[in-house]
Protein chains: 2
Amino acid sequence: MSETSWHEQLRAHGYRVTPQRQLVLEAIKAAEHATPEEICAKVRETARGVNISTVYRTLELLEQLGLVTHTHLGHGAPTYHLAADADHVHLVCHECGEIDEVAPELVRDLVTRFDEEMGFAVNVHHLTVFGRCRKCR
Amino acid sequence: MSETSWHEQLRAHGYRVTPQRQLVLEAIKAAEHATPEEICAKVRETARGVNISTVYRTLELLEQLGLVTHTHLGHGAPTYHLAADADHVHLVCHECGEIDEVAPELVRDLVTRFDEEMGFAVNVHHLTVFGRCRKCR
DNA sequence: TTCTTTGCAAATAATTTGCAAGTTG
DNA sequence: CAACTTGCAAATTATTTGCAAAGAA
């Protein structure tokens with residue numbers, strides 16, 4: 001997504017472009033699997049701080065606009081990604097906690113099947129599959 | 001699972017059979033998709049109360065013994081099931097929140113594929129697939 | 001200038017923990 | 001009775017909300 005594209009996407013919906021929103025989006029770009037708290041910390045490293053509640057509000061907004069997505073990799077806080085980078089499925093090992101990312105092709109049949117057999121459109125970006133990895137079996 | 005079987009399973013691991021543990025297990029049996037808070041409330045309906053921290057500790061124990069499992073059906077608290085009843089995959093609609101359960105056969109190919117291609121053993125009980133249901137598309 | 005957004009502090013929700021008192025085997 | 005469990009209250013963690021001040025268009 002280009003630099004200006006999301007500016008316009010915000011404005012088109014009556015929202016404003018603010019430094020805080022830019023900083024949060026850049027932090028998400030820079031970090032894979034960042035929780036709200038981590039995003040907040042990351043922003044503080046490089047610039048003036050952004051309040052944690054602003055982070056929450058910004059994430060909600062960016063997700064609603066389709067710029068970012070989130071998934072749950074465990075018990076704690078959800079993790080956010082750029083929607084453009086999110087085209088993968090997460091594998092999480094219950095045992096060692098390792099997180100792996102695999103191509104969405106691996107679940108293509110599943111998506112097709114759910115669609116055809118029950119009219120359910122799977123959100124692949126949100127999909128996290130738990131189990132036991134090769135090393136921990 | 002028989003009445004005595006889990007008693008022995010507890011004892012075999014050095015744990016004790018207590019009324020609280022029985023009540024929690026029965027509440028899970030009676031309710032589908034119960035959160036810790038709901039389990040606590042359910043127990044209070046029918047008998048002397050059980051403290052919420054006891055519920056948490058009991059759930060952790062029962063899960064560790066393989067008697068119950070949990071999954072995440074949304075942002076809030078996780079939901080627990082009897083492991084014996086948990087042989088299904090959850091579908092959750094982002095839009096209307098409806099929760100559906102489908103047979104694990106629908107994901108059998110996925111399980112096989114992850115196993116063969118990456119040595120990853122999928123925990124089907126924990127699997128929740130988010131998306132958009134027929135009505136909300 | 002007008003309407004949106006932010007920061008801050010306080011409110012909620014979801015868990016977890018320490019510890020003395022109660023219970024099981 | 002010794003070891004395990006529970007209840008209770010307090011501490012944590014994650015998230016949300018109200019509101020006045022600051023900022024974008």
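With C:dG25, C:dT5, D:dG7 as the candidates, the nucleotide lying closest to the side chain of B:Asn51 is D:dG7. The side chain of B:Arg16 lies closest to D:dC4 when the candidates are D:dA24, D:dC4, D:dA14. Residue A:Arg57 has its side chain nearest to C:dC8 when only C:dC8, C:dT15, C:dG25 are considered. Nearest to the side chain of A:Thr18, among D:dG7, D:dA14, C:dT6, sits C:dT6.
Distance B:Glu37 CD to C:dT12 P: 15 Å, rounded to the nearest Å. Atom NE2 of B:His13 and atom P of D:dT5 are 12 Å apart (whole Å). One interatomic measurement links the two molecules: CG of A:Leu65 to P of C:dT4, which rounds to 15 Å at whole-angstrom precision. We find that CG of B:Leu59 is positioned 14 Å from P of C:dA14, with the value rounded to whole Å. Atom P of nucleotide D:dT15 and atom NE2 of A:His75 are separated by 14 Å, given to the nearest angstrom. Taking atom OH of residue B:Tyr15 and atom P of nucleotide D:dT5, one finds them 7 Å apart after rounding to whole Å.
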Run the numbers on A:His33 and A:His90 for side-chain hydrogen bond (donor to acceptor under 3.5 Å, both in side chains), then give the verdict.
CA-CA 10 Å; A:His33 306 144; A:His90 291 102; 2.8 Å; yes

Using the salt bridge (Lys or Arg N to Asp or Glu O under 4.0 Å) rule, take B:Glu8 and B:Arg11 through it: C-alpha gap first, then chi angles, then the decisive distance, then the call.
CA-CA 5 Å; B:Glu8 280 154 19; B:Arg11 295 208 189 91; 5.7 Å; no

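Close to C:dT23, at under 4.0 Å from its OP1 or OP2, lies no side-chain N or O of B:Gln20. Under 4.0 angstrom from either OP1 or OP2 of D:dT16 there lies no side-chain N or O belonging to A:Tyr56.
Backbone-only contact: A:Arg21 has heavy atoms under 4.0 Å from sugar-phosphate atoms and none from a base. Backbone-only contact: B:Gly49 has heavy atoms under 4.0 Å from sugar-phosphate atoms and none from a base. At a threshold of 4.0 angstrom between heavy atoms, the contacts of B:Ser53 include nucleobase atoms, whether or not backbone atoms are also involved.
For A:Arg11 and D:dA25, a side-chain-to-base donor-acceptor distance below 3.5 Å is absent, hydrogens and geometry of angles not being considered.
The local environment of CD in A:Glu32 is crowded, with over 12 non-hydrogen atoms from other residues, nucleotides or ligands closer than 6.0 Å.
Both A:Gly76 and B:Val55 lie near DNA chain D, and the one whose nearest nucleotide falls closer to the 5' end is B:Val55. Nearest-nucleotide assignment on DNA chain C puts the 5′-proximal partner with A:Thr54, out of A:Thr54 and B:Ile52. For A:Thr58 and B:Pro78, each mapped to the nucleotide of DNA chain C holding its nearest heavy atom, the one lying further toward the 5' end belongs to A:Thr58.
Proximity of a side-chain donor or acceptor of A:Arg137 to a complementary backbone N or O of B:Gly119 within less than 3.5 Å is detected. Within the 3.5 Å criterion, the main-chain N or O of A:Leu65 finds a donor-acceptor partner in the side chain of A:Gln9.
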